[in-house]
Amino acid sequence: MAKEQKIEDYVIRELSPGDRDRALELVKYCRDNGLEFVKDNGPCWKGKIYYWVTYRTECVCFIAINDPDEPENRWTVWSDDMDGKYLAEHPVSDQIREIAWRCVDKCGNCGSCGGGRRKTVFGREFDRVCGCTFRIDNPGEKEMAFIKKMVEIRIGEIEKASCHMS
């Protein structure tokens with residue numbers, strides 16, 4: 001039986017140099033912060049390069065590489081559903097806030113979020129926000145700073161929730 005490839009193997013094989021460097025930087029950042037990558041081979045993603053990124057078994061974000069259903073996107077990062085109240089507790093720079101607002105994932109009627117919901121993101125309200133609060137297609141350098149901040153905030157949200165459960 002063939003050994004499951006690591007996300008790094010797919011990144012190196014599938015992405016061009018600029019995208020590859022950014023994706024490998026994100027993978028390293030996530031691994032350095034205790035996150036794990038789990039390839040999703042479920043019915044929706046079978047045969048695609050799609051990973052859940054988890055912290056203490058909780059989802060932080062998702063990464064797709066060269067999804068054939070979205071040929072314009074070389075790679076995409078989605079956040080998990082992030083609590084607007086928890087986001088409000090975290091001060092961020094104006095640049096990060098503006099990127100977050102630009103990357104709010106509006107419902108695309110795929111059926112997974114039931115049409116989205118109203119959510120406040122860093123002080124601004126949005127309608128029809130998907131269950132994946134943020135979506136970043138083909139992230140550049142500026143978006144990478146936002147993704148890292150999003151990961152940091154989501155890890156804190158998971159830790160805070162686990163403290164309340166103990």
Side-chain angles (χ1 to χ4, degrees), residues 1-42 44-83 86-87 90-108 110 112 121-122 124 126 129-159:
M1 182 169 184
K3 180 182 169 192
E4 182 67 51
Q5 293 188 51
K6 296 187 308 185
I7 190 170
E8 291 92 340
D9 299 327
Y10 289 109
V11 166
I12 290 166
R13 186 180 73 227
E14 298 286 332
L15 296 177
S16 64
D19 288 330
R20 182 182 316 135
D21 292 346
R22 280 186 291 282
L24 289 173
E25 173 189 341
L26 177 60
V27 169
K28 181 180 183 328
Y29 176 82
C30 289
R31 289 200 191 280
D32 288 349
N33 283 281
L35 280 70
E36 294 183 12
F37 293 82
V38 179
K39 189 161 189 310
D40 188 335
N41 290 313
C44 183
W45 297 98
K46 191 152 187 72
K48 297 181 181 184
I49 307 167
Y50 183 84
Y51 279 83
W52 289 64
V53 185
T54 62
Y55 180 74
R56 297 184 181 169
T57 71
E58 295 291 326
C59 184
V60 172
C61 61
F62 313 88
I63 299 174
I65 300 170
N66 282 334
D67 182 345
D69 295 333
E70 295 186 12
E72 69 282 7
N73 295 322
R74 300 172 307 276
W75 68 298
T76 299
V77 179
W78 293 267
S79 72
D80 193 37
D81 188 10
M82 296 181 74
D83 184 317
Y86 193 77
L87 287 172
H90 292 275
V92 294
S93 69
D94 289 343
Q95 181 178 13
I96 295 293
R97 184 178 305 107
E98 289 173 19
I99 293 169
W101 292 341
R102 191 175 71 239
C103 294
V104 167
D105 192 10
K106 298 292 190 122
C107 174
C110 73
S112 68
V121 176
F122 299 122
R124 185 170 164 192
F126 293 85
V129 177
C130 181
C132 297
T133 305
F134 301 108
R135 176 189 175 124
I136 307 94
D137 296 317
N138 308 314
E141 285 185 42
K142 290 179 182 177
E143 289 84 11
M144 289 299 291
F146 166 68
I147 293 169
K148 289 177 182 178
K149 186 64 173 178
M150 174 193 70
V151 166
E152 173 190 318
I153 291 171
R154 179 69 181 129
I155 289 170
E157 186 177 21
I158 292 166
E159 287 180 343

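Values reported hereafter were calculated over all heavy atoms of this structure, with side chains retained and with hydrogens, waters and symmetry mates removed.
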[X] [atom1]: over 12 foreign heavy atoms closer than 6.0 Å:
{"X": "E72", "atom1": "CD", "answer": "yes"}
{"X": "K106", "atom1": "NZ", "answer": "yes"}
{"X": "W52", "atom1": "CH2", "answer": "no"}
{"X": "E36", "atom1": "CD", "answer": "no"}

Min side-chain heavy-atom separation [X]-[Y] under 4.5 Å:
{"X": "I65", "Y": "L15", "result": "yes"}
{"X": "Y55", "Y": "N33", "result": "no"}
{"X": "F62", "Y": "V53", "result": "no"}

Approximate separation, where rounding is to 0.5 Å, of [X] [atom1] and [Y] [atom2]:
{"X": "K48", "Y": "N41", "atom1": "NZ", "atom2": "CG", "answer": "12.5 Å"}
{"X": "L26", "Y": "C61", "atom1": "CG", "atom2": "SG", "answer": "6.5 Å"}
{"X": "I63", "Y": "K39", "atom1": "CD1", "atom2": "NZ", "answer": "13.0 Å"}
{"X": "I99", "Y": "E143", "atom1": "CD1", "atom2": "CD", "answer": "5.5 Å"}
{"X": "Y50", "Y": "N66", "atom1": "OH", "atom2": "CG", "answer": "15.5 Å"}
{"X": "D80", "Y": "R154", "atom1": "CG", "atom2": "CZ", "answer": "4.5 Å"}

For the pair [X] (side chain) and [Y] (backbone), establish whether a donor and an acceptor sit closer than 3.5 Å, ignoring hydrogens and angles.
{"X": "D9", "Y": "K6", "result": "yes"}
{"X": "R56", "Y": "G34", "result": "no"}
{"X": "T133", "Y": "S79", "result": "no"}
{"X": "D40", "Y": "W45", "result": "no"}
{"X": "N138", "Y": "W75", "result": "yes"}
{"X": "D67", "Y": "D69", "result": "yes"}

Shortest non-hydrogen separation from [X] to [Y] and the atoms involved:
{"X": "I155", "Y": "L35", "result": "CD1-CD1, 3.3 Å"}
{"X": "F37", "Y": "Y51", "result": "CB-CD2, 3.8 Å"}
{"X": "L24", "Y": "E8", "result": "CD2-CG, 4.0 Å"}
{"X": "P68", "Y": "P71", "result": "O-CD, 3.7 Å"}

Next item on the list: Take V11 and I49 through the side-chain contact (heavy atoms from CB on, under 4.5 Å) test and state the conclusion after the steps.
Entry: CA-CA 10 Å; V11 166; I49 307 167; over 6 Å; no
Next item on the list: Could you tell me whether D32 and K28 make a salt bridge, using a distance below 4.0 angstrom between a side-chain N and a carboxylate O?
Entry: yes
Check: Using 4.0 Å as the upper bound for N to carboxylate O, is an ion pair formed by R97 and D94?
Finding: yes
Checklist line | Test salt bridge (Lys or Arg N to Asp or Glu O under 4.0 Å) applied to D105 - qualifying residues, sequence neighbours left out | finding: none
Margin query: Checking Y86 now: which residues fulfil ring pair (Phe, Tyr, Trp, His ring centres under 6.0 Å) with it, not counting sequence neighbours?
Written below: H90
Identify every side-chain donor-acceptor pair in residues 144-152 under 3.5 Å, counting partners at least two apart or on other chains, and give the distances.
{"unit_1": "K148", "atom_1": "NZ", "unit_2": "E25", "atom_2": "OE2", "d": "2.6"}
{"unit_1": "K149", "atom_1": "NZ", "unit_2": "E152", "atom_2": "OE2", "d": "3.0"}

Next item on the list: Take V121 and R124 through the side-chain contact (heavy atoms from CB on, under 4.5 Å) test and state the conclusion after the steps.
Entry: CA-CA 5 Å; V121 176; R124 185 170 164 192; 5.8 Å; no
